[in-house]
Amino acid sequence: AVEDGSPAQKAGLREGDLIVSFAGTPVVGIDDLHRLLTAERAGVSAELRALRHTELVTLAIVPREG
């Protein structure tokens with residue numbers, strides 16, 4: 001799910017997108033993503049890559065705390 005007003009939504013992530021990397025690090029599952037989303041990354045733009053149907057999309061996302 002992509003929450004309304006979230007950094008993911010603001011970056012252009014859509015429901016059904018499959019995240020494959022964050023800040024150049026592969027993401028295999030939600031646990032990987034949670035480990036990468038540290039307090040140090042809050043407010044810092046990072047590249048997120050996701051599969052959208054058959055297309056690989058690259059988005060700039062700015063994580064936030066909380």
Side-chain angles (χ1 to χ4, degrees):
V2 178
E3 294 181 24
D4 287 339
S6 68
Q9 184 188 49
K10 290 176 183 175
L13 200 65
R14 297 180 190 165
E15 186 96 19
D17 286 354
L18 178 64
I19 298 170
V20 295
S21 71
F22 176 78
T25 302
V27 173
V28 177
I30 192 69
D31 291 335
D32 288 345
L33 186 60
H34 284 166
R35 277 190 287 277
L36 294 169
L37 291 172
T38 61
E40 292 81 30
R41 293 203 188 263
V44 179
S45 182
E47 182 179 272
L48 183 138
R49 298 185 89 189
L51 268 177
R52 180 173 294 153
H53 305 289
T54 59
E55 179 184 0
L56 184 62
V57 294
T58 302
L59 308 168
I61 187 168
V62 180
R64 68 174 185 226
E65 285 192 60

Tell me, please, which residues at least two apart from [X] pass side-chain contact (heavy atoms from CB on, under 4.5 Å).
X: Ala46; result: Phe22, Ala23
X: Thr54; result: none
X: Ser45; result: Ala60, Val62

What residue pairs, at least two apart or across chains, pass side chain to side chain donor-acceptor pair (under 3.5 Å) with a residue in residues 29-39? Asp32-Arg35, Thr38-Glu40
For residues 16-30, which residue pairs pass the side chain to side chain donor-acceptor pair (under 3.5 Å) check, not counting sequence neighbours? Asp17-Arg52
Got a second to check how far Ile61's CD1 is from Gln9's CD, nearest 0.5 Å? 11.0 Å
Return the CG to CD distance between Leu51 and Glu55, rounded to the nearest 0.5 Å. 9.5 Å
Is there a path from Ile30 to Leu13 through hydrophobic residues (I, L, V, M, F, W, Y) whose side chains come within less than 4.5 Å of each other? yes
Could you point out which residue of Ile19, Leu48, Leu18 forms a side-chain contact (heavy atoms from CB on, under 4.5 Å) with Val27? Ile19
Evaluation steps, side chain to side chain contact (heavy atoms under 4.5 Å, CB included), between Val20 and Leu56: CA-CA 9 Å; Val20 295; Leu56 184 62; 3.8 Å; yes
Considering non-hydrogen atoms only, spot the tightest contact between Glu3 and Ser6 and give its length. O-OG, 2.8 Å
Would you name the heavy atoms of Ala42 and Glu65 that are closest together and state the gap between them? CB-CG, 3.5 Å
Could you list the residues that satisfy side-chain hydrogen bond (donor to acceptor under 3.5 Å, both in side chains) with Arg49, not counting sequence neighbours? Thr58
If only atom types and distance count, is the side chain of Arg64 paired as donor or acceptor with the main-chain N or O of Gly43 below 3.5 Å? no
